Amino acid sequence: MSMGLQQSNQYTEWMSPNGAYAHAVVSSGATKVNSARFLELLWPTTTSGWASRPNATALDATRPHRGFSMPLGAGWEKVLINASGASTAAGGLQLDGRTSTDVAVIRNDGTRSTRMVLLAPAGGRFSDQNGARTLIDLGANGGVLEVAFDAAWNADLSGTAGVLGVKFYAASAPASVTHAGAPASWIRDAATGLVTVTSP
């Protein structure tokens, strides 16, 4: 794959008050492909902040279409896209889903994971450690589930997926678990770190 970048000051719109924009040319090189998947990362910044934007890197350099990692302060965020419609792995992450629109995200603050998201319309599982440790398991609950931990280690679940029976990883027992701001009942398996929601 090759990419060219061109700057121009002859185009202005509300998104670009200084008139700068980029033009990308994407090519598979000598190899002809029948279809392509584009991953687009939009990072809001000013012209003066452009040089200090985070540098996204592919989770797997040989399969960059599977996702990317981005530094965020002392931590990072990783995004994995289900390229196959079944199981996709890259950068130690694995997504076992049912559609090629499944997406998983994990954010770490440098010490621990603070946010995990799984978008899986037909249900699925997101894991790390090359598939050995489950991070989110929706089972057959399709939709989106976000698990967000605050500084006191309270876990809040939000999204469109049903939460009854879903599992998510917590390095230690959460102080509380809420779903859309309301208390949820849960149990945690100390051996796996998996929290199972027993009532929403």
Side-chain angles (χ1 to χ4, degrees), residues 35-42 56-60 62-70 72 75-109 112-150 154-171 174 176-189 191-200:
S35 64
R37 172 174 273 186
F38 292 89
L39 301 182
E40 185 173 10
L41 171 63
L42 301 176
T57 56
L59 291 175
D60 181 341
T62 60
R63 296 174 184 89
H65 61 285
R66 292 187 177 183
F68 57 88
S69 177
M70 205 169 71
L72 293 176
W76 44 260
E77 183 167 284
K78 295 180 180 181
V79 178
L80 180 65
I81 292 92
N82 191 345
S84 69
S87 291
T88 294
L93 301 176
Q94 184 169 315
L95 204 166
D96 299 305
R98 295 178 181 91
T99 71
S100 61
T101 59
D102 300 337
V103 177
V105 180
I106 184 167
R107 180 178 288 182
N108 185 290
D109 66 5
R112 62 185 183 177
S113 296
T114 58
R115 189 169 302 254
M116 301 176 291
V117 179
L118 178 56
L119 178 142
R125 176 181 171 266
F126 175 40
S127 56
D128 66 356
Q129 298 179 353
N130 295 310
R133 181 172 68 183
T134 298
L135 297 174
I136 297 178
D137 188 348
L138 293 179
N141 293 317
V144 180
L145 180 68
E146 177 181 27
V147 180
F149 294 98
D150 66 14
N154 296 295
D156 185 55
L157 312 179
S158 61
T160 61
V163 297
L164 183 60
V166 301
K167 298 176 182 179
F168 64 90
Y169 177 76
S176 71
V177 176
T178 55
H179 174 235
S185 298
W186 53 278
I187 55 172
R188 180 176 179 271
D189 182 330
T192 62
L194 284 178
V195 173
T196 302
V197 179
T198 57
S199 73

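No experiment lies behind these values; they were computed from the predicted model shown. These values consider heavy atoms only, across backbone and side chains, with no hydrogens, waters or symmetry-generated copies.
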Study note, to complete from the structure: Residue set satisfying side chain to side chain contact (heavy atoms under 4.5 Å, CB included) with Ala58, at least two apart, ordered chain then number -> Pro64
Check your understanding: Is Val144 close to Val117 at the side-chain level, that is, under 4.5 Å between some pair of heavy atoms?
Key ->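 Answer yes - side chains close enough.
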Check your understanding: So, do Thr178 and Asn154 sit near enough that their side-chain heavy atoms are less than 4.5 Å apart?
Key -> no
**Study point:** Electrostatic pair Asp96-Arg125, nearest N-O below 4.0 angstrom
**Key:** yes
Kindly say whether [Y] contributes a backbone atom to a donor-acceptor pair with the side chain of [X] at under 3.5 angstrom?
X      : Y      : value
Asp156 : Ala148 : no
Arg66  : Ala89  : yes
Thr88  : Ala83  : yes

From [atom1] ([X]) to [atom2] ([Y]), nearest 0.5 Å:
X      : Y      : atom1 : atom2 : answer
Glu77  : Phe68  : CD    : CZ    : 7.5 Å
Asp137 : Leu145 : CG    : CG    : 10.5 Å
Met70  : Thr57  : CE    : OG1   : 10.0 Å
Leu118 : Leu138 : CG    : CG    : 4.5 Å
Met116 : Phe126 : CE    : CZ    : 8.5 Å
Tyr169 : Ile106 : OH    : CD1   : 9.5 Å

Exercise for review: With side chain to side chain contact (heavy atoms under 4.5 Å, CB included) as the test, would you mind laying out the steps for Ser113 and Asn108 before giving the verdict?
Suggested key: CA-CA 4 Å; Ser113 296; Asn108 185 290; 3.9 Å; yes
Please report the shortest heavy-atom distance between [X] and [Y], naming the atom on each side.
X      : Y      : result
Ala120 : Asp102 : CA-OD1, 3.4 Å
Ser69  : Trp76  : OG-CB, 4.4 Å
Ala171 : Arg188 : O-NH2, 3.1 Å
Ala155 : Val147 : CB-CG1, 4.5 Å
Asn130 : Gln94  : O-OE1, 3.8 Å
Ala90  : Leu59  : CB-CB, 3.8 Å

Please tabulate, one pair per line, all N/O donor-acceptor pairs under 3.5 Å involving side-chain atoms of residues 191-200, not counting sequence neighbours.
| from | atom 1 | to | atom 2 | distance (Å) |
| --- | --- | --- | --- | --- |
| Thr192 | OG1 | Leu194 | N | 3.2 |
| Thr198 | OG1 | Ser185 | O | 3.2 |
| Ser199 | OG | Ser185 | OG | 3.0 |

**Study point:** NZ (Lys167) with more than 12 external heavy atoms under 6.0 Å
**Key:**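 No, NZ of Lys167 has 12 or fewer neighbouring heavy atoms, counting only those of other groups under 6.0 Å.
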**Study point:** Criterion side chain to side chain contact (heavy atoms under 4.5 Å, CB included) on Val166 and Ile136, from CA distance to verdict
**Key:** CA-CA 7 Å; Val166 301; Ile136 297 178; 5.9 Å; no
Exercise for review: For Phe149, enumerate each residue passing the ring-ring contact (aromatic ring centres under 6.0 Å, His included) test, keeping only those at least two apart in sequence or located in another chain.
Suggested key: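 Phe149: ring-ring contact (aromatic ring centres under 6.0 Å, His included) contacts with Trp153.
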